[in-house]
Engineer: 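Below is the structure I would like to discuss, written out as structure tokens.
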Amino acid sequence: MNVTKSELIITAGNKNQFPNNEKLEIAFAGKSNVGKSSLINALINRKALARTSSQPGKTQTINFYNIQDKFNFVDLPGYGYAKVSKTMRENWGRFIEEYLSNRATLKQVILLVDIRHAPSANDKLMYKWISFYHENVLIVATKLDKIKKSQISKHISIIKNGLQLRENDKIISFSATAKIGKEEIWKVIEEIKEA
């Protein structure tokens, strides 16, 4: 898809700030520093609409982006970052849970995992949680350019087994620098929009 319009609608710190509209939403979840902002920027051909940071735990709000006036991308706070207080982590957890379980306009959750590593306990928990509410989950295995081509299928297999993916779940490997996987991800998004 050729995106010509994308803008930040709101940075929500609580559920009362969520946009009150009928547009379908596609949410991006993943641990801190897995590349959610980089993926969003790559999909919409922008360098810095979604702010990236080398500092994990930077996104502490739920950020809503209007795409083409047709649907919204939703960037969820990264999970599993140890250097924030336990209370803050619990608050983030409740905040994300509130959004994922009660948002009527939420049509798809894209879970990002780092292709270089087996899924963490937090990744597994997040996957179980999303799959409880959604009949399919799109897994995007990020940082593809950091491993050799010969290792890709082995790493994909480790992720599939680690998360115990269901038949109707999909996994796409992605590189933000090389833009590999971008078209495949858009294909899935297009199918969601038309469903």
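Just so you know, residue 1 is the first one in the sequence shown, and it goes up from there. Below, each value reflects all heavy atoms present in this structure, side chains not excepted, and no hydrogens, waters or symmetry copies.
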Engineer: What closest approach, in Å, do I139 and I159 show between heavy atoms, and which atom pair accounts for it?
Structural biologist: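 Nearest heavy atoms, I139 then I159: CG2-CG2, 4.3 Å.
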
Engineer: Sequence neighbours left out, what pairs pass side-chain hydrogen bond (donor to acceptor under 3.5 Å, both in side chains) with at least one residue falling in residues 136-147?
Structural biologist: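 Residue pairs with at least one partner in residues 136-147: Q108-N136, D145-S175, D145-T177.
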
Engineer: Can you see which heavy atom on K5 is nearest to which on E7, and at what distance?
Structural biologist: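 Smallest heavy-atom distance, with atoms named: CE-OE2, 3.6 Å.
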
Engineer: Please give me the minimum heavy-atom distance between K179 and A42, naming the atom from each residue.
Structural biologist: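 Where K179 meets A42 most closely, the heavy atoms are CD-CB, 4.0 Å.
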
Engineer: Is D69 atom CG crowded by more than 12 heavy atoms from other residues, nucleotides or ligands, each under 6.0 Å away?
Structural biologist: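 Count over threshold, so yes.
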
Engineer: With the 4.5 Å side-chain cut-off for hydrophobic clustering, are L76 and L125 part of the same group?
Structural biologist: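 The answer is no; the residues belong to distinct hydrophobic clusters.
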
Engineer: Give, for atom CD1 of I26 and atom CD1 of I67, the distance between the pair rounded to the nearest 0.5 Å.
Structural biologist: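 Taking CD1 in I26 and CD1 in I67, the distance rounds to 9.0 Å.
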
Engineer: Can you find a heavy atom in the side chain of I189 that is under 4.5 Å from one in the side chain of F73?
Structural biologist: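 A side-chain contact under 4.5 Å exists here.
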
Engineer: To the nearest 0.5 Å, what is the distance between CZ (F28) and CG (L112)?
Structural biologist: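 These two atoms lie 7.5 Å from each other.
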
Engineer: Using the ring of each side chain (for Trp, its six-membered ring), is F18 parallel, tilted or perpendicular to F64, with breaks at 30° and 60°?
Structural biologist: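 Ring orientation, 0 to 90° scale: tilted.
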
Engineer: Test of understanding: clusters of I, L, V, M, F, W, Y form through side-chain heavy atoms closer than 4.5 Å, transitively. Do L24 and W186 belong to the same one?
Structural biologist: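 Yes, L24 and W186 fall within the same hydrophobic cluster.
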
Engineer: Quick one: do the E22 and T105 side chains pair a donor with an acceptor below 3.5 Å?
Structural biologist: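 No donor-acceptor contact under 3.5 Å links the two side chains.
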
Engineer: Going hydrophobic residue to hydrophobic residue with side-chain gaps under 4.5 angstrom, can you get from Y127 over to I158?
Structural biologist: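 Looking at the clustering, I158 is in a separate group from Y127.
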
Engineer: Heavy-atom count check: over 12 atoms from other residues, nucleotides or ligands less than 6.0 Å from Q164 CD?
Structural biologist: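 Not more than 12 within 6.0 Å, no.
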
Engineer: So, do L39 and I185 sit near enough that their side-chain heavy atoms are less than 4.5 Å apart?
Structural biologist: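 Contact flag for L39/I185 side chains = yes.
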
Engineer: Atom NZ of residue position K170 - does it have more than 12 heavy atoms of other residues, nucleotides or ligands inside 6.0 Å?
Structural biologist: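 No.
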
Engineer: Nearest 0.5 Å please: distance from the CG atom of L43 over to the CD atom of E183.
Structural biologist: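 One gets 9.5 Å once the value is rounded to the nearest 0.5 Å.
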
Engineer: Dump the intermediate steps for side-chain hydrogen bond (donor to acceptor under 3.5 Å, both in side chains) on D123 and S120, then the final yes or no.
Structural biologist: CA-CA 5 Å; D123 291 330; S120 67; 3.2 Å; yes

Engineer: Of L163, L111, V137, V113, which meets side-chain contact (heavy atoms from CB on, under 4.5 Å) against M126?
Structural biologist: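 It is L111, the one option of L163, L111, V137, V113 that forms the side-chain contact (heavy atoms from CB on, under 4.5 Å) with M126.
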
Engineer: Quick one: pull up CG in N63 and CG in N72 and give me the separation to the nearest 0.5 Å.
Structural biologist: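 Here the rounded value is 12.0 Å.
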
Engineer: Going by atom types only, do N2 and T4 share a side-chain donor-acceptor pair under 3.5 Å?
Structural biologist: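 No - no donor-acceptor pair under 3.5 Å links their side chains.
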
Engineer: What are the two closest non-hydrogen atoms of N21 and K23, and how far apart are they?
Structural biologist: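 Closest approach of N21 to K23: OD1-N, 3.2 Å.
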
Engineer: At their closest point, which heavy atom of Y65 faces which heavy atom of D75, and how far apart are they?
Structural biologist: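 Smallest interatomic distance, heavy atoms only, reads CE1-CB, 4.0 Å.
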
Engineer: Can you name the side chain to side chain contact (heavy atoms under 4.5 Å, CB included) partners of K160, sequence neighbours left out?
Structural biologist: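 With neighbours one apart ignored, the set is I156, L165, I171.
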
Engineer: Between E184 (side chain) and G181 (backbone), is there a donor-acceptor pair under 3.5 Å?
Structural biologist: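 Pair absent, no side-chain N/O of E184 close to backbone of G181.
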
Engineer: Got P77 and I62 here, is their nearest side-chain heavy-atom distance under 4.5 Å?
Structural biologist: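 Side-chain contact under 4.5 Å: yes.
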
Engineer: Give me the atom names and distance for the closest heavy-atom approach of S173 to I152.
Structural biologist: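 Taking every non-hydrogen atom into account, OG-CG2, 4.4 Å.
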
Engineer: Which distance, rounded to the nearest 0.5 Å, do you find between the NZ of K154 and the CD1 of I115?
Structural biologist: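 The CD1 atom of I115 is 11.5 Å from NZ of K154, to the nearest 0.5 Å.
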
Engineer: Hey, does E25 have a side-chain heavy atom less than 4.5 Å from the side chain of Y99?
Structural biologist: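 They are in side-chain contact.
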
Engineer: Got a second to check how far K148's NZ is from H155's NE2, nearest 0.5 Å?
Structural biologist: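 So the gap between those two atoms works out to 10.0 Å.
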
